[in-house]
Amino acid sequence: MKNLISMRDLSADKILQLLALAESLEKDPTQLDLSRRVMAAVFYEASTRTRMSFESAMKRLGGEVIAMVGTSGTSVEKGETLADTTKVIARYSDIIVIRHPLEGAARYVSEQVSIPVVNAGDGANQHPTQSLLDLYTIQKAQGTLEGLKLALVGDLKYGRTVHSLAYALAQFNPEFFFVSPKSLSMPIHILNDLSRMGVKFKEKTKLNKIVDDIDIMYVTRIQRERFPDREEYEKVKNAYIITADLLKNAKDNLKVMHPLPRVNEITTDVDSTKYAYYFDQAENGIYMRQAILATLLGEVK
Ligand code: CP
């Protein structure tokens, strides 16, 4: 495993190895020492969780971090290309974690540099480290990844986390409900891939009829910044709002997840229910990202 660009590049065995390492690092973070290793966080797009949990993960393992937080004040403003910027950063660091608005940007960078590259989100395409921490979270909550019923809810067109998660779970015999407004449905190429893989899924526009039947409700924000037309966003922005009342007959083991940030998709009265799991999910980013960094830096025997 040289880079982490897409969930489609990872076998079920490799996913389970990363989950096991994350679990082990959560129990004992002192087992690995990344001192004298430098991670470059190269974020062309906004982030709170991904960048800060990667930085925290690296520092807690003794490593160092350099960061580009947005392009303001960098030589990107002078017209420097992505290739030149990352070729130089690769000489200052041992691993690059990159978020960029263009689909395919992380793979492109991995072809420009000789150090490992991690895709921290490329446009509406993929967010594989989020999916790995989501899998870790699901396994902790449900005790297994196998045979679960999951509703992926919200912006399935532009939401990169749900694209990666659908591929990630496809190897574990899931039953998916893809719940979205018709204009924000899961891209057809992903549905075709899932069909070829024999994955069971149904597309829905309403959530209330399936709430009581699922193990995981994975809610996503409507991705305002990716809409070409502001009026289209206004039409769908409040399409699904999860309240404590909606969950009153849910299964005991249901967990509500969200990659965050939320805007108004989940009301705060859900936070104090046994179903809320999104803040635990965010914390799990530390352990999974430690596992990813250590693996790609060749520190795992
Ligand atoms: N989940 C996630 O990617 O959050 P950030 O955009 O804050 O990194």
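Counting starts at 1 for both ligands and their atoms, in listed order. No experiment lies behind these values; they were computed from the predicted model shown.
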Visitor: What atoms of ligand 1 come closer than 4.0 angstrom to any heavy atom of Q130?
Guide: 1 (N), 2 (C), 3 (O)
Visitor: Just need the protein heavy atom nearest to atom 4 (O) of ligand 1, so name the residue and atom and give the distance.
Guide: R49 NE, 3.1 Å
Visitor: Among all residues two or more places apart in sequence or in another chain, which pass the salt bridge (charged side-chain N to carboxylate O under 4.0 Å, His left out) test with D271?
Guide: R262
Visitor: Against ligand 1, does H127 come closer than 4.0 Å with any heavy atom?
Guide: yes
Visitor: Below 4.0 Å from ligand 1: does a non-hydrogen atom of E45 turn up there or not?
Guide: no
Visitor: Once you measure the plane-to-plane angle for Y158 and F227, does it fall in the parallel (<30°), tilted (30-60°) or perpendicular (>60°) bin?
Guide: tilted
Visitor: Checking side-chain polar atoms at under 3.5 Å, does N284 have a donor or acceptor matched by the opposite partner on T137?
Guide: yes
Visitor: Going by the order shown, which atoms of ligand 1 are within less than 4.0 Å of some heavy atom of L260?
Guide: 1 (N), 2 (C), 4 (O)
Visitor: Going by the atom numbers of ligand 1, which of them fall below 4.0 Å from some non-hydrogen atom of T48?
Guide: 5 (P), 7 (O), 8 (O)
Visitor: For T50, is at least one N or O under 3.5 Å away from an N or O on ligand 1?
Guide: yes
Visitor: Return a yes/no value for P261: is any of its N or O atoms, backbone included, closer than 3.5 angstrom to an N or O of ligand 1?
Guide: no
Visitor: Checking side chain to side chain contact (heavy atoms under 4.5 Å, CB included) between N119 and each of R107, H100, Q126, which is the one that passes?
Guide: Q126
Visitor: Is a side-chain N or O of S164 found less than 3.5 angstrom from the main chain of T161, in a donor-acceptor match?
Guide: no
Visitor: Sort out for me which residue in E45, E232, E103 forms a salt bridge (Lys or Arg N to Asp or Glu O under 4.0 Å) with R226.
Guide: E45
Visitor: State, without any angle test, whether R221 and H258 hold a side-chain donor-acceptor pair at a distance under 3.5 Å.
Guide: no
Visitor: Heavy atom under 4.0 Å from ligand 1: found in T161's side chain, backbone, both, or neither?
Guide: neither
Visitor: Of all the non-hydrogen atoms in the protein, which one sits nearest to atom 1 (N) of ligand 1, and at what distance?
Guide: P259 O, 2.8 Å
Visitor: Measure the acute angle between the ring planes of F178 and F201, then classify it against the limits of 30° and 60° as parallel, tilted or perpendicular.
Guide: tilted
Visitor: Check ligand 1 against R99 and write out every atom of the ligand that is under 4.0 Å from a heavy-atom position of the residue.
Guide: 3 (O), 5 (P), 6 (O), 8 (O)
